Amino acid sequence: MEFYKTLEMWYLNNKRDLPWRKSSNPYFVWLSEIILQQTRIQQGLSYYNTFTNHYPTVLDLANAKEDNVLKNWQGLGYYSRARNLHFSAKYICNELDGKFPTTYKEIIKLKGVGDYTASAIASICFNEKTAVVDGNVYRVLSRYFNIDIPINSSKGIKYFKELAQELIINANPKEYNQAIMDFGSMVCKPQNPNCENCPLENGCLAKAKNMISSLPVKEKKIKIKNRYLNFIVFTNGEQTILEKRTGSGIWQNLYQFPLLEFDEIATQKELIKKPLLKDYNTSTIKLFNPEPWVHKLSHQHLFTQFWIVDTQNISQTNSVHWENIDNFAVPKLIHKFLDSYKTK
DNA sequence: CATGCGTGGGA
DNA sequence: TTCCCAAGCAT
């Protein structure tokens with residue numbers, strides 16, 4: 001049986017029951033695909049439900065405030081996805097008359113939508129023959145055809161996309177694209193793939209050559225940078241100060257306590273040299289966590305300390321009542337602090 | 001085009 | 001503990 005047919009047959013009997021598969025409404029499929037970028041289904045599922053409940057249509061999403069969209073995205077990470085989702089919803093409503101684009105070529109123009117996502121939506125919703133190439137597809141194809149071209153090299157990206165596109169030619173694109181991804185995540189897994197019960201085992205070159213565990217090949221490891229962040233938690237008992245992160249780094253447009261960054265773990269002595277704290281008596285500045293909390297991002301390790309500053313002088317501009325603080329979208333780290341601080 | 005962007009789960 | 005990595009994209 002041909003490669004595509006085997007996968008389609010497997011999918012028929014093994015596909016997972018997922019909420020976004022109940023409809024081919026491109027808005028719902030788009031939502032699910034953005035949420036699932038670099039994210040496990042288990043992690044994204046509740047967010048999908050939140051978004052479809054809060055924003056049942058693309059117009060509801062377009063009419064929302066970005067702060068609200070980010071609040072609903074809080075905790076999921078890669079927050080540019082939420083910002084781009086919101087941006088694109090407005091684009092669809094304002095420029096496309098509220099009609100979701102129907103071809104790969106038009107769909108990929110949406111911010112936050114690249115080759116993979118455009119292929120997924122175009123095939124799943126409009127049955128266009130555009131092959132998806134995600135992490136699962138890289139793994140399945142590199143193993144089945146025993147290809148050791150690094151999947152994150154420009155050569156590899158081109159090679160696998162072309163191969164995937166050849167394999168979909170005679171397939172039912174909607175079924176086949178989802179089949180190869182489900183198959184990759186359930187059978188041809190990164191670790192301990194289930195080769196014993198694999199319907200593709202006969203033709204699998206990596207299996208024959210005992211290469212399964214070394215494929216796919218990925219080159220370049222990321223370099224992790226250490227940062228030392230000190231969050232200043234001003235409080236008069238009722239209010240505190242929050243500021244919105246701007247610029248291009250992590251957590252863009254989320255909220256945090258005023259931040260002082262150093263090249264190493266800071267002491268109170270160094271802290272009070274900063275303009276933000278120079279007028280405060282050292283006795284009013286207390287370190288909340290004597291042992292720095294290490295928050296690990298994919299590219300950075302953040303060594304973080306929270307300093308509580310008791311003061312009656314809370315500026316009106318960025319003041320927030322403690323009782324309202326949960327209305328703000330904050331990074332996981334800040335949320336962890338709030339949890340810990342409240343229960344103290 | 002190499003790098004930056006979150007978080008959580010599993011080995 | 002540490003490492004990998006999970007339905008990628010923007011710049």
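Below, read A as the first sequence line, B as the second, and so on, with proteins coming before strands; counting in each chain starts at 1. We use all heavy atoms of the structure for the numbers below, so side chains are in, but hydrogens, waters and symmetry mates are not. Because the structure is predicted, anything quoted here is derived from the model rather than measured.
Taking atom CG on A:N84 and atom P on C:dA10, their separation rounds to 6 Å, with Å as the unit. Atom CD1 in A:I224 sits roughly 9 Å away from atom P in C:dC4 (whole-Å rounding). C:dC5 atom C1' lies 10 Å from atom CD1 of A:I222, rounded to whole Å. A:K161 places its NZ atom 13 Å from the P atom of C:dG8, with the value rounded to the nearest Å. Summarising the geometry, the separation between CE on A:M186 and C1' on C:dA7 is reported as 14 Å, rounded to the nearest angstrom. For the pair A:Y48 OH and C:dA7 C1', the interatomic distance rounds to 14 Å; values are reported in whole Å. Between the NZ atom of A:K155 and the C1' atom of B:dA2 there is a distance of 19 Å, given to the nearest Å. Distance A:L76 CG to B:dC5 C1': 13 Å, rounded to the nearest Å.
Residue order along DNA chain B, read from the 5' end via each residue's closest nucleotide, puts A:N152 first among A:N152 and A:H299. Projected onto DNA chain C by closest heavy-atom contact, A:E33 and A:V113 fall at different nucleotides, the more 5' of which corresponds to A:E33.
Looking at heavy-atom distances under 4.0 Å, A:I35 makes no contact with the nucleic acid at all. Backbone-only engagement by A:G249 is indicated by non-hydrogen atom pairs under 4.0 Å involving sugar-phosphate atoms exclusively. Residue contacts shown for A:R16 include a base, since a base heavy atom lies under 4.0 Å away. A:L297 comes within contact range of at least one nucleobase, with a heavy-atom separation under 4.0 Å. Counting any heavy atom pair closer than 4.0 Å across all strands shown, A:R227 reaches no nucleic acid atom. Contacts of A:D182 with the nucleic acid, taken as non-hydrogen atoms under 4.0 Å apart, include base atoms. Here A:I34 lies out of heavy-atom contact (under 4.0 Å) with every strand. Using a 4.0 Å heavy-atom cutoff across all strands shown, A:L18 reaches at least one base atom of the nucleic acid.
For A:P190, the listed nucleotide lying nearest its side chain is C:dA6; candidates were C:dA6, C:dC9, B:dG6. For A:Q37, taking side-chain heavy atoms from C-beta onward, the closest of the listed nucleotides B:dC1, C:dG8, B:dT7 is C:dG8. Picking from B:dG6, C:dA7, C:dA10 the nucleotide with the shortest atom distance to the side chain of A:Y79 gives B:dG6. Checking B:dC5, C:dA7, C:dC9 against the side-chain heavy atoms of A:Q300 singles out B:dC5 as nearest.
Spacing between C:dG8 and B:dC1 at atom C1', rounded to whole Å, works out to 15 Å. Here the separation of B:dA11 from C:dA7, taken at their P atoms, is 15 Å to the nearest Å. Spacing between C:dC5 and B:dC5 at atom C1', rounded to whole Å, works out to 15 Å. Taking atom P in both B:dG6 and C:dT11, the straight-line distance is 14 Å, to the nearest Å.
Checking side-chain atoms of A:E8 against main-chain N and O of A:N172 turns up a donor-acceptor pair under 3.5 Å. Without hydrogens or angle criteria, A:T235 side chain to A:T240 main chain gives no donor-acceptor distance under 3.5 Å. The backbone N or O of A:R16 sits less than 3.5 Å from a side-chain atom of A:R21, completing a donor-acceptor pair.
Pairing each heavy atom of A:A266 with each of A:N230, the nearest pair is CB-ND2, 3.6 Å. Nearest heavy-atom pair, A:H54 versus A:D60, reported as atom, atom and distance to 0.1 Å: O-CB, 4.5 Å.
Checking the phosphate oxygens (OP1, OP2) of C:dC9, a side-chain nitrogen or oxygen of A:T117 falls inside 4.0 Å. For B:dT7, the OP1/OP2 oxygens have no side-chain nitrogen or oxygen of A:W73 closer than 4.0 Å. For A:Q38 and C:dC5, the shortest distance from a side-chain N or O to OP1 or OP2 is not below 4.0 Å. Taking only side-chain nitrogens and oxygens, A:R81 never comes nearer than 4.0 Å to OP1 or OP2 of B:dG6. At C:dA10, none of the side-chain N or O atoms of A:Y78 fall inside 4.0 Å of OP1 or OP2 (strictly under the cut-off).
Grouping the Ile, Leu, Val, Met, Phe, Trp and Tyr side chains by contacts below 4.5 angstrom, directly or via other members, places A:Y4 apart from A:M9.
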- Could you walk me through whether A:W293 and A:F303 pass ring-ring contact (aromatic ring centres under 6.0 Å, His included), step by step? CA-CA 6 Å; A:W293 288 352; A:F303 295 80; over 10 Å; no
- Item | Intermediate values then yes/no, side chain to side chain contact (heavy atoms under 4.5 Å, CB included), A:R83 and A:S80 | CA-CA 5 Å; A:R83 297 190 302 269; A:S80 67; 3.3 Å; yes
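Heavy atoms from other residues, nucleotides or ligands lying under 6.0 Å from NZ of A:K225 number 12 at most. Heavy atoms of other residues, nucleotides or ligands lying less than 6.0 angstrom from CG of A:N210 number 12 at most.
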Pairs under 3.5 angstrom, nitrogen or oxygen only, protein versus nucleotides 8-11 of chain B, please.
from	atom 1	to	atom 2	distance (Å)
B:dG8	OP1	A:K332	NZ	3.0
B:dG8	N2	A:R40	NH1	2.4

